[in-house]
Visitor: 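One structure follows; several queries about it will come next.
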Amino acid sequence: MSLEPFTDDDPIFRRESVLRDTYTPETLVERDRELREFQNALKPVVKGEVPKNIFLYGQTGVGKSIATEMVLDRLKQDQENFDDLNVEVTYVLCKNLTSSYQVTVELVNTFREPENQISGTGHSHGAVLAKLWQHINDIDATHLLIVLDEIDSVGTDDDILYQLPRANANGKVDPNNVKLGVIGISNDFTFRDQLDARVQDSLAEDEIHFPPYDSNQLRTILHDRAGNAFVDGALADDVIPLCAAFAGQETGSARQALKLLYKSGDLARSEDVSMVEERHVRAAQDLVEAGKAKDELEALPSQSHLTLFAMLRMADKGLLPARSTDIYDYYDRAARAIDADVKSIRTIRSRLSQLLMKGFLKKTQRNEGLNGGSFFLYELDIREELIREVLQEDDRTKQLFSEGSKQSRIR
DNA sequence: CTTCCACAGGAAAAGCCGGGGT
DNA sequence: ACCCCGGCTTTTCCTGTGGAAG
């Protein structure tokens, strides 16, 4: 088969990059109140005083990070108009950082050259903090704003959130030298309540809540972007409202709505039609859902993969639903077959409850009294084909499918 | 109403790792 | 060379749980 030449004519998209995650819009629509509150909260900085600590919360895709970026850019730009004002900003994305310690290390590293980074293990807690204070004292600025994005991932370990807001007061950082402010961003609005009371007070001097977008707001946002992204007249009338409705019902996330719109356009383009229609949106929605499940399956630890394989085997033999001890037997055989470590039943129970939480399994309770006791029966709650697909693509578990048949012939 | 079974799952400790400091 | 540090996974230990049988 011969390739077709690449062409740049595109009946659908004018500038598709406008729809990507990486694109930063010049204006943030439907977030006027939040932006105003944000700027207001930063007033003390402009007046040369110690900043208030600000806490932003709201689900993903509601504009928190973009708002922060825009407001801080503007602040850095406008500081020229004020004498003796020099604001520095340091940004740490705390996703995947599960402890205060890791956040502290990450912060220290933002002040260091790439070839001079410190390691995430090995140092004592105090030593890393001492380094941090040193770096902050050394910077040449009147103010330092520390942005901690997705701060909820540190969970209940809130030591760094206790340390940073009172570094000025504790004399760790001399306020005449650098005035320190923390901007915490959280996707989880229950996070604030989990924090130690003394941390709550100091960290969240000013709170800005970003509510999820409703369908109407999402419509405005999508129209705003679509104007640049799509060729005029390439969108059927009901496409944007439908994207907005899907995303509005599920998450209220602009990111999700944009992704859906982009995917719909992509589907239309691959069909070589010149208009995006409702059916493209529905197909895109299905694809997104399936993709999400698959990504999550792939990301599971190998013990979970083995557990799923065990259950797949049992499903073939009509043995599901099954109790955890029986699943463990099959797991044990599968793990031996590929020379993986066989973990204890307690571990597999944890895997089972994780799979349950992610919605891949469902369980029903059974109780057979004094000659049976109570236990759970587990069964699969996703398409078996999807599991098979993922396990066959995985380097470790794919041998189970070829060797598995050999094995069963031997026995 | 009590007993008793067969797990469920929390808590804490153990063990391994990669990587410090002295 | 040695011991210490924090992260992470796994094991060990053990208390809870719910309903049929007694």
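Chain letters run A, B, ... following the sequence lines, proteins first, then strands; residues in each count from 1. Every value quoted in this text rests on a predicted model; they were computed, and no experiment measured them.
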Visitor: Mind checking if A/Y328 touches a base, just sugar-phosphate, or nothing, with heavy atoms under 4.0 Å?
Guide: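 Contact class for A/Y328: none.
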Visitor: Strictly distance-based, threshold 3.5 Å: is any side-chain N or O of A/T347 a donor or acceptor partner for the main-chain N or O of A/K343?
Guide: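 Such a contact is absent between A/T347 side chain and A/K343 backbone.
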Visitor: Without decimals, in angstroms, what is the distance between A/I348 CD1 and C/dT10 P?
Guide: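 Nearest whole value for this atom pair: 9 Å.
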Visitor: Of all nucleotides in DNA chain B with an atom under 4.0 Å from a non-hydrogen atom of chain A, which is the first and which the last going 5' to 3'?
Guide: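 On DNA chain B, the outermost contacted nucleotides are B/dC4 to B/dG20.
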Visitor: Would you mind building the protein contact string for nucleotides 11-16 of chain C? One character per nucleotide, 5' to 3', B for base within reach (heavy atoms under 4.0 Å), S for sugar-phosphate only, - for untouched.
Guide: BB----
Visitor: Quick one: A/I118 CD1 to C/dG7 P, roughly how many Å, whole number?
Guide: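 Atom CD1 in A/I118 sits about 13 Å away from atom P in C/dG7.
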Visitor: Please list, one pair per line, the donor and acceptor atoms closer than 3.5 Å that link side chains of residues 203-217 of chain A to other protein atoms, with sequence neighbours excluded.
Guide:
residue : atom : partner : partner atom : Å
A/E205  : OE1  : A/N53   : N            : 2.6
A/D206  : OD2  : A/K52   : NZ           : 2.7
A/E207  : OE2  : A/R192  : NE           : 3.2
A/Y213  : OH   : A/V62   : O            : 3.3
A/D214  : OD1  : A/N216  : N            : 3.0
A/D214  : OD1  : A/Q217  : N            : 2.9
A/Q217  : OE1  : A/D214  : N            : 3.0

Visitor: In a check of side chain to side chain contact (heavy atoms under 4.5 Å, CB included) between A/I139 and each of A/V178, A/N86, A/N177, which one passes?
Guide: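 Exactly one candidate clears the test, A/V178.
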Visitor: Check side-chain contact (heavy atoms from CB on, under 4.5 Å) between A/T220 and all other residues, then give those that pass, not counting sequence neighbours.
Guide: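 A/T220: side-chain contact (heavy atoms from CB on, under 4.5 Å) contacts with A/E30.
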Visitor: Could you list all the salt bridge (charged side-chain N to carboxylate O under 4.0 Å, His left out) pairs where at least one residue sits in residues 110-119 of chain A, not counting sequence neighbours?
Guide: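 As it turns out, there is no salt bridge (charged side-chain N to carboxylate O under 4.0 Å, His left out) pair with a partner in residues 110-119 of chain A once direct neighbours are skipped.
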Visitor: Provide the full list of ring pair (Phe, Tyr, Trp, His ring centres under 6.0 Å) pairs with a residue in residues 243-265 of chain A, sequence neighbours left out, each pair given once.
Guide: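 Only A/F13-A/Y262 qualify under ring pair (Phe, Tyr, Trp, His ring centres under 6.0 Å).
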Visitor: Going by distance alone, is a donor N or O of one side chain under 3.5 Å from an acceptor N or O of the other, for A/R396 and A/S302?
Guide: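 No donor-acceptor contact under 3.5 Å links the two side chains.
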Visitor: Taking A/K64's backbone N and O only, do any of them form a donor-acceptor pair with A/R31's side chain (distance below 3.5 Å, no angle check)?
Guide: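 Side chain of A/R31 to backbone of A/K64: no pair is present.
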Visitor: Starting at the 5' end of nucleotides 1-6 of chain C, put B wherever the base has a protein heavy atom under 4.0 Å, S where only the sugar-phosphate does, and a dash everywhere else.
Guide: ----BS
Visitor: With sequence neighbours excluded, what pairs up with A/F38 under the ring-ring contact (aromatic ring centres under 6.0 Å, His included) test?
Guide: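 Residues passing ring-ring contact (aromatic ring centres under 6.0 Å, His included) with A/F38: none at all.
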Visitor: What is the separation between atom CD on A/Q303 and atom C1' on C/dT10, rounded to the nearest whole Å?
Guide: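 Nearest whole value for this atom pair: 10 Å.
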Visitor: Report the residues that fulfil salt bridge (charged side-chain N to carboxylate O under 4.0 Å, His left out) with A/R33, sequence neighbours left out, ordered by chain and then residue number.
Guide: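 Testing A/R33 for salt bridge (charged side-chain N to carboxylate O under 4.0 Å, His left out), a comparison that skips the adjacent residues, returns A/E37.
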Visitor: Over the length of the helix from B/dC1-C/dG22 to B/dT22-C/dA1, how much do the five-pair end axes diverge, rounded to 10 degrees?
Guide: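 That helix has its two terminal axes inclined by roughly 30°.
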Visitor: Please list, chain by chain and in numerical order, all residues satisfying side chain to side chain donor-acceptor pair (under 3.5 Å) with A/E88, sequence neighbours excluded.
Guide: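 For A/E88, no residue satisfies side chain to side chain donor-acceptor pair (under 3.5 Å) once neighbours in sequence are set aside.
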Visitor: Check the angle between the aromatic planes of A/Y378 and A/F376 and answer parallel, tilted or perpendicular using the 30° and 60° thresholds.
Guide: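 Perpendicular, since the angle between the ring planes exceeds 60°.
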Visitor: Going by an N to O cut-off under 4.0 Å, is there a salt bridge joining A/R333 and A/D326?
Guide: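 No salt bridge links A/R333 with A/D326.
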Visitor: Can you list, by residue number, the residues of residues 358-373 of chain A that have a non-hydrogen atom closer than 4.0 angstrom to DNA chain B?
Guide: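 Result for residues 358-373 of chain A: A/K363, A/G369, A/L370, A/G372, A/G373, sorted by number.
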Visitor: Looking at the rings of A/F401 and A/F309, which for Trp means the six-membered one, are their centres under 6.0 Å apart?
Guide: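 That pair passes the under 6.0 Å test.
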Visitor: Dump the intermediate steps for side-chain hydrogen bond (donor to acceptor under 3.5 Å, both in side chains) on A/Y91 and A/D149, then the final yes or no.
Guide: CA-CA 7 Å; A/Y91 174 93; A/D149 201 350; 2.6 Å; yes
